[in-house]
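Remarks on the structure that follows.
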Amino acid sequence: MTKSREAEEHKCVRPPEQHVEDLRLKLLRAPPAMLIGGRWRPASSRSAFEVEDPSTGTLVTTAAAGGHEDIELAVRAARSAFHNGPWSRLSGARRMGLLMALAQALEEDELDLSFLEAIDTGHTLSSIRNGDVPLALRALRDNAGWAAKISGETPMHPAEQAAFSYYIREPIGVVGIITPWNAPLLMVLQKLSAALAAGCTVVIKPSELAPLSALRIGQACDKVGIPPGVVNIVTGTGEEAGRALTEHPDVNLISFTGSTVVGKSIMAAAASTNLKRVVLELGGKSPVLVFADADLDKAARSIVSEITFKSGQYCAAGSRVFAQASIQDALLTRMRAIMDGMRIGPGTDANTDMGPMICAKQRQRAAEIIGHSIQAGACVVRGGHARVGGGYFFEPTILTNASAQMRVSREEIFGPALVVTPVPDEASLDEVAALANDSIYGLSAKIWTRQIRIAHGLIHRLEAGQVVVNGGGGEEVLPFGGVKQSGYGRENGRNGVDAYTEIKSIRLGF
Ligand code: NAD
């Protein structure tokens, strides 16, 4: 029996609980370290911070608390690898080969990676194994494929003209990658693979609330032979390590996913330092428009599944539901019944349908926004409050009678809470779109109808980077990003990789 087959069999026979316990023990014993210039090292200050399990509120491990000095070292390592190292000079095909090898190594590590993500974020194992991991590997392989296809253009020139011009794309340089905690593995791999495909070198600053999968990716980069200094990972807080990275004068681009408020501060830091480029994937408050002719069972299942996926901590989740008045009650009954049947528990438990929120602060914020709106007159159909006991659990929630001015209607709650508002059946498409567009955000919008006239009419009226009709599909192959204060720039595909390049125009005379 080969070694890897033996390991596979071992994995199969070992009960999942034991696997998680072994992983937890390893994490508790692991010294806090980050990756700079190909070396695993503690923070320059030697300080560390605690990473906790949101399902229990207990300690998982400690991570190195990187600061200004560590960012300085990491940016220097990335710059040196960019200028002197082979990465930016490797052929696209070679970069593609190494990125494909990285995908293979991570795929072989899928079980540990999934448990690690479940312990770190509290998200359910099934959502990670069926969602985050395959999506992340798909993005990684897709971006790897682009490495060999980055190209410029050559305009046609008359044959008699003694000149020739064209443009090329070059890697932009050193990229700072700053990611949130709600999909740590996916966010890091999406950005990392696009930047590396383009020939850039990177400094990753993962969220301090869920840094573990990023560190595991760093180990895999080492393993497959990505040269030292090409991928650097500095763990630490946003205020220290994140800010130092965004203000660094030798970083060429910051690729950020996170809240709108921090996105704005990153843009300001970029403007006030070296005018580095920014890609911003920010918050959302996405509308869901349900028409009387829709398949209500399917719509109810999809709406609940989105708002409880990652316990509502999913940027594109539809959280403002506008239902035609004649079917609002039927929709509410269905959504409530689905929520009533959900099993809430630790993400690592295979029977869990919805895990906890990420931390006490995030849960407290959700409770405050919802409580404030209930006091102002919103009605609770179900939930509305945190669950008592250990871990940061929150009841799946449905509210009605919330005005468009209430906090639940305007602010991104980032928790498992829906606001449902009736719309007169006779309202015009313009009136429906105006309700949907009444938000500072424009990340995603969903439509439920069987009538193509309605769907098509709304697609053009909705202010969103993405419109999903009747549940949609094939998300991972499309450009993803927002309009308005949901950010700008697009991830995935050619657009996503091109963002990490700079265009150079060449005019040849002879
Ligand atoms: P956040 O903005 O608080 O933090 C995101 C990252 O920024 C973290 O790594 C954090 O340490 C860092 N950071 C914080 N302050 C910083 C500063 N001053 N300078 C530099 N870096 C700093 O967001 P979060 O709470 O981790 O994530 C939730 C948010 O992310 C939500 O708003 C959600 O909508 C958004 N999100 C958007 C998308 C998208 O694709 N549009 C995807 C996932 C999450």
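When reading the values below, keep in mind they use all heavy atoms of this one structure, side chains included, and skip hydrogens, waters and symmetry mates. Just follow the structure's listing: the first ligand is 1, and inside any ligand the first atom is 1.
- Within ligand 1, the atoms closer than 4.0 Å to a non-hydrogen atom of Gly242 are 19 (N), 20 (C), 21 (N), numbered from 1 in the order shown.
- Taking a distance limit of 4.0 Å, we find that atom 4 (O) of ligand 1 is approached by no protein heavy atom.
- Short contacts between ligand 1 and Asn182, defined as distances under 4.0 Å to a heavy atom of the residue, involve ligand atoms 43 (C), 44 (C).
- If you look at Leu245 next to ligand 1, there are no close heavy atoms at all, none under 4.0 Å.
- Close approach of ligand 1 to Leu443 (heavy-atom distance below 4.0 Å) involves ligand atoms 41 (N).
- Nearest protein neighbour of atom 37 (C) of ligand 1, counting heavy atoms only, is Leu282 O, 3.1 Å.
- Distance from atom 24 (P) of ligand 1 to its nearest protein heavy atom, with residue and atom name: Trp181 NE1, 3.2 Å.
- Of the protein's non-hydrogen atoms, the one nearest atom 40 (O) of ligand 1 is Phe480 CE2, 3.2 Å.
- Of the protein's heavy atoms, Phe414 CZ, 3.3 Å lies nearest to atom 33 (C) of ligand 1.
- Using a 4.5 Å heavy-atom threshold, the side chains of Tyr441 and Ser286 count as separate.
- Taking every non-hydrogen atom of Val262 and a distance limit under 4.0 Å, the qualifying atoms of ligand 1 come out as 2 (O), 13 (N), 14 (C), 15 (N), 16 (C), 17 (C), 22 (C).
- Using a 4.5 Å cut-off on side-chain heavy atoms (C-beta onward), Leu196 and Tyr500 make no contact.
- Residue Gly258 holds the heavy atom nearest to atom 30 (O) of ligand 1 of all those in Ala244, Pro206, Gly258, Ala183.
- When the salt bridge (Lys or Arg N to Asp or Glu O under 4.0 Å) test is applied to Glu52, no partner is found at least two apart in sequence or on another chain.
- The nearest heavy-atom contact from the protein to atom 9 (O) of ligand 1 is Thr179 O, 2.7 Å.
- Each salt bridge (Lys or Arg N to Asp or Glu O under 4.0 Å) pair with one or both residues in residues 303-316, not counting sequence neighbours, appears once here: Asp132-Lys310, Glu306-Lys446.
- Among protein heavy atoms, the minimum distance from atom 17 (C) of ligand 1 is reached at Gly238 O, 3.5 Å.
- Residues Val75 and Ile71 form a side-chain contact, since some pair of their non-hydrogen atoms from C-beta on lies under 4.5 Å apart.
- With contacts defined as side-chain heavy-atom distances shorter than 4.5 Å, the pair Leu462/Ile447 qualifies.
- Between Trp181 atom CH2 and Thr257 atom OG1 the span is 13.0 Å, to the nearest 0.5 Å.
- At a threshold of 4.5 Å between non-hydrogen side-chain atoms, the residues Gln485 and Leu282 do not count as touching.
- For the pairing with Phe394, the side chain to side chain contact (heavy atoms under 4.5 Å, CB included) check across Pro416, Pro356, Ser311 returns one residue only, Pro416.
- Of all atoms in ligand 1, listed by their number and element, those nearer than 4.0 Å to a heavy atom of Glu208 are 10 (C), 11 (O).
- Here the side chains of Ile204 and Met34 are not in contact, with every heavy-atom distance at 4.5 Å or above.
- A 4.5 Å side-chain heavy-atom check between Met339 and Met335 finds every atom pair outside the cut-off.
- Ligand 1 lies out of reach of Tyr314, whose nearest heavy atom is not under 4.0 Å from it.
- Side-chain contact between Cys315 and Leu443: present, with at least one pair of heavy atoms (C-beta onward) separated by less than 4.5 Å.
- Here the CZ-OG distance, from Phe414 to Ser259, works out to 9.5 Å after rounding to the nearest 0.5 Å.
- Below 3.5 Å of separation, one finds no N or O of Gln362 facing any N or O of ligand 1.
- In this structure, atom 12 (C) of ligand 1 lies nearest to the protein heavy atom Ile178 CG2, 3.7 Å.
- With a 4.0 Å cut-off on non-hydrogen atoms, Glu412 touches ligand 1 through its side chain and not its backbone.
- Close contacts of ligand 1 with Cys315, meaning ligand atoms under 4.0 Å from a residue heavy atom, involve 34 (O), 36 (N), 37 (C), 38 (C), 39 (C), 40 (O), 42 (C), 43 (C), 44 (C).
- Per-residue contacts place Glu239 under 4.0 angstrom from the following atoms of ligand 1 (heavy atoms of the residue considered): 18 (N).
- For atom 2 (O) of ligand 1, the closest non-hydrogen atom on the protein side is Ser259 OG, 2.6 Å.
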